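What follows is a single structure, written as structure tokens, with notes after it.
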Protein chains: 2
Amino acid sequence: MASPELLRGTLVTILLNLLAENGRMYGYEMVQSVRERSNGAFELTEGAIYPALHKLEADGLVLTERVVVGKRERKYYSLTPSGSEASVNKVSEFKEYVQAMALLLNPINLAK
Amino acid sequence: MASPELLRGTLVTILLNLLAENGRMYGYEMVQSVRERSNGAFELTEGAIYPALHKLEADGLVLTERVVVGKRERKYYSLTPSGSEASVNKVSEFKEYVQAMALLLNPINLAK
DNA sequence: AGTTATGCCTAAAATTCTTAGGTAAATATT
DNA sequence: AATATTTACCTAAGAATTTTAGGCATAACT
């Protein structure tokens with residue numbers, strides 16, 4: 001259960017990257033996927049991801065399609081071309097950020 | 001330069017760690033120090049750090065002493081015992097966070 | 001029949017940060 | 001000598017993002 005507040009600013013990176021990897025996902029699925037793949041470290045909340053996904057759609061980075069499964073509807077998200085670009089950019093920004101943080105944090109602590 | 005929005009949630013970690021390393025610093029000095037040590041990647045803003053430092057003081061994690069240099073005053077911050085604890089905790093939380101992110105982000109991208 | 005899981009959503013409040021200032025002294029520049 | 005830049009502190013309005021706390025409905029499990 002590490003660091004809920006560190007997710008701040010990383011949520012969009014995670015969402016875009018999930019879609020880049022999986023091609024097509026729906027919101028609920030993203031929550032499950034992140035929980036499993038992070039070994040429970042990250043627990044996305046629906047109150048956070050749905051507004052974030054809607055903003056990505058408004059910004060033209062993702063598009064949606066509604067698919068009826070049984071009698072319920074899923075809303076699948078997938079990347080647009082600019083979304084794919086943004087995904088790559090976000091991930092490399094994150095890497096730069098981690099490298100810069102490594103310069104700042106105590107080397108002794110980092111070695112541990 | 002890189003990733004201003006990623007600093008969200010990391011500012012306190014950076015500040016506490018700076019103090020853990022340097023013992024005693026003043027606000028303006030922290031801004032310079034972070035700029036230099038991150039090779040310009042991180043540019044802390046005073047509008048962000050002063051409220052953050054004041055909150056740390058209110059929470060008992062840092063204490064302050066005013067030192068007159070010439071005719072101007074500097075306000076030095078240093079860690080209290082709970083501040084030292086918090087510093088260690090924040091840094092290890094950050095490391096866990098980075099490890100969890102590594103699990104999530106595309107291995108192909110990470111290899112680049 | 002009732003609880004849990006699936007699946008979407010929103011809105012108020014809290015938190016954190018940016019932006020855009022203000023104040024004042026010291027130093028550098030023209 | 002006047003001006004600009006750097007040093008050094010600060011605040012407050014607004015933006016952005018997230019938490020909290022719900023609502024709604026179907027499906028599956030007990």
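What you see is a predicted model; the values in this text were computed from it and never measured. Letters A, B, ... are given to chains in the order of the sequence lines, protein chains preceding strands, and every chain is numbered from 1.
If you measure from atom CZ of B:Phe42 to atom P of C:dT18, you get 12 Å, rounded to the nearest angstrom. Distance B:Leu15 CG to C:dC17 C1': 13 Å, rounded to the nearest Å. Protein atom CD1 of A:Ile49 is 10 Å distant from nucleotide atom C1' of C:dG7, rounded to whole Å. What separates CG of B:Leu56 from C1' of C:dT15 is a distance of 14 Å, to the nearest Å.
At its two ends the helix from C:dA1-D:dT30 to C:dT30-D:dA1 runs along axes set 20° apart, each axis drawn from five pairs and the angle rounded to 10°.
Between the CG atom of A:Leu15 and the CG atom of B:Leu104 there is a distance of 10.5 Å, given to the nearest 0.5 Å. With rounding to the nearest 0.5 Å, the separation of CZ in A:Arg37 from CZ in A:Phe42 is 11.5 Å. Between the CD atom of A:Glu85 and the OG1 atom of A:Thr80 there is a distance of 9.0 Å, given to the nearest 0.5 Å. Note that OG1 of B:Thr13 is 7.5 Å distant from CG of A:Leu105, once rounded to the nearest 0.5 Å.
Annotation: side chain to side chain contact (heavy atoms under 4.5 Å, CB included) contacts of A:Thr45 (sequence neighbours excluded): A:Ala48.
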Got a list of side-chain donor-acceptor pairs under 3.5 Å for residues 25-33 of chain B, not counting sequence neighbours?
unit_1, atom_1, unit_2, atom_2, d
B:Tyr26, OH, B:Arg74, NE, 3.4
B:Tyr26, OH, B:Arg74, NH2, 3.4
B:Glu29, OE1, B:Tyr26, N, 3.1
B:Gln32, OE1, B:Arg35, NH2, 2.9

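Between the side chain of B:Thr64 and the main chain of B:Tyr77, no donor-acceptor pair closer than 3.5 Å is present. Side-chain atoms of A:Ser38 do not come within 3.5 Å of backbone N or O of B:Ala100 as any donor-acceptor pair.
Both A:Gly70 and A:Ala52 lie close to DNA chain D; mapped to their nearest nucleotides by heavy-atom distance, the more 5′-ward contact belongs to A:Ala52.
Pairs passing the salt bridge (charged side-chain N to carboxylate O under 4.0 Å, His left out) check and including a residue from residues 48-67 of chain B, sequence neighbours excluded, read B:Arg24-B:Glu65, B:Lys55-B:Asp59, B:Arg66-B:Glu73.
Considering all non-hydrogen atoms of both residues, B:Ser87 and B:Leu79 come closest at CB-CD1, 4.3 Å.
Side-chain contact between A:Ser78 and A:Leu63 is present, with heavy atoms from C-beta onward closer than 4.5 Å.
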Listed pairs, N/O of protein and of nucleotides 1-3 of chain C, under 3.5 Å:
none

Each nucleotide in nucleotides 4-17 of chain D should get exactly one letter: B, S or -. Can you fill that in based on protein heavy atoms under 4.0 Å?
--SBBBBB-----S
